[in-house]
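Lettering of chains follows the sequences in order, A, B, ..., and the numbering in each one begins at 1.
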Amino acid sequence: AQSVTQPDIHITVSEGASLELRCNYSYGATPYLFWYVQSPGQGLQLLLKYFSGDTLVQGIKGFEAEFKRSQSSFNLRKPSVHWSDAAEYFCAVGPSFSGGYNKLIFGAGTRLAVHP
Amino acid sequence: NAGVTQTPKFRVLKTGQSMTLLCAQDMNHEYMYWYRQDPGMGLRLIHYSVGEGTTAKGEVPDGYNVSRLKKQNFLLGLESAAPSQTSVYFCASTVPGQGEAFFGQGTRLTVV
């Protein structure tokens, strides 16, 4: 069965520090991968996505993620965190164009707190 | 350009009551989803639809029914609400392989 695991439920970093949020997936082939961010009381906003090609993808707000096929991972990184990055982050596996996989599945989320 | 619109935004139900949540999208997306979000559980897929007239069960379908009579609308029904269905419900739509899923703003449902 397809699944997404985010091992870290809560992470706290200091403003200006670097950040890495982990995501592992289970799927029979390379899925389409996404990171979303949710601010308190809001819906979800797409940060970045990976379909194919370059395994390092850039997103909005200075975020990037690296797809590692051998590790089934798609970790999110940011070199210097801002206080406004405090939010909940979700990794997701999405439906493929071929139609072989049609569910959009999310991990449990990682809540990020930023200390001033 | 409304995107994905959910109604209502808030609702309080008594145990045993029924209700329908409406999701409407104006982007001509094929796929639509209903999720529930609970603390520490992330977004769990309730039901989804890959096109007009088709629906399928997700991870947590029990106690819910859905219908997709029109491509732009995806309805989520609770026939007999239970306190365990207290949650925030999100609807989303996407085109497979085309990129991001678009989300509604959510419906906060409390069952007392």
**OP:** Could you give me the CA-CA distance, side-chain angles and deciding distance for Phe106(A) and Met41(B), then say whether side-chain contact (heavy atoms from CB on, under 4.5 Å) is met?
**Re:** CA-CA 10 Å; Phe106(A) 287 82; Met41(B) 307 290 287; over 6 Å; no

Original post:
Side chains of Phe90(B) and Gln38(A): does their closest heavy-atom pair fall under 4.5 Å?
Top reply: yes

Original post:
Should the heavy atoms of other residues, nucleotides or ligands under 6.0 Å from CD of Glu15(A) be counted, would the total exceed 12?
Top reply: yes

Original post:
Relative to chain A, which segment of Phe102(B) carries a heavy atom at a distance below 4.5 Å: side chain, backbone, both, or neither?
Top reply: neither

Original post:
Where on Leu44(A) is there a heavy atom nearer than 4.5 Å to chain B: the side chain, the backbone, both, or neither?
Top reply: both

Enumerate donor-acceptor pairs with a distance under 3.5 Å from any side-chain N or O in residues 8-21 of chain B to protein atoms, sequence neighbours excluded.
{"residue": "Thr15(B)", "atom": "OG1", "partner": "Val112(B)", "partner atom": "O", "Å": "2.8"}
{"residue": "Gln17(B)", "atom": "OE1", "partner": "Lys14(B)", "partner atom": "N", "Å": "2.7"}

Original post:
Transitively linked via ILVMFWY side-chain contacts under 4.5 Å: Leu75(B) with Leu78(B)?
Top reply: no

Original post:
Tyr35(B) side chain to Ile105(A) main-chain N or O, any donor-acceptor pair under 3.5 Å?
Top reply: no

Original post:
To the nearest 0.5 Å, what is the distance between OH (Tyr32(A)) and OG1 (Thr94(B))?
Top reply: 11.0 Å

Original post:
Any chance CG of Leu56(A) has more than 12 other-residue heavy atoms, nucleotides or ligands included, within less than 6.0 Å?
Top reply: yes

Original post:
So which heavy atom on Ala108(A) is nearest to which on Gly40(B), and how close?
Top reply: CB-O, 4.1 Å

**OP:** Using the rule that two of Ile, Leu, Val, Met, Phe, Trp, Tyr join whenever any of their side-chain heavy atoms come within less than 4.5 Å, decide whether Tyr64(B) and Val88(B) are in one cluster.
**Re:** no

Please tabulate, one pair per line, all N/O donor-acceptor pairs under 3.5 Å involving side-chain atoms of residues 109-116 of chain A, not counting sequence neighbours.
{"residue": "Thr110(A)", "atom": "OG1", "partner": "Gln6(A)", "partner atom": "NE2", "Å": "3.4"}
{"residue": "Thr110(A)", "atom": "OG1", "partner": "Asp8(A)", "partner atom": "O", "Å": "2.6"}
{"residue": "Arg111(A)", "atom": "NH2", "partner": "Glu88(A)", "partner atom": "OE1", "Å": "2.9"}

Original post:
Rounded to the nearest 0.5 Å, what separation is found between the OH atom of Tyr48(B) and the CG atom of Leu104(A)?
Top reply: 11.5 Å

Original post:
Within a reach of under 6.0 Å around CZ of Arg108(B), are more than 12 heavy atoms found that belong to other residues, nucleotides or ligands?
Top reply: no

Subject >> chain A contact via Leu45(B) - side chain, backbone, both or neither, heavy atoms under 4.5 Å >> reply: side chain

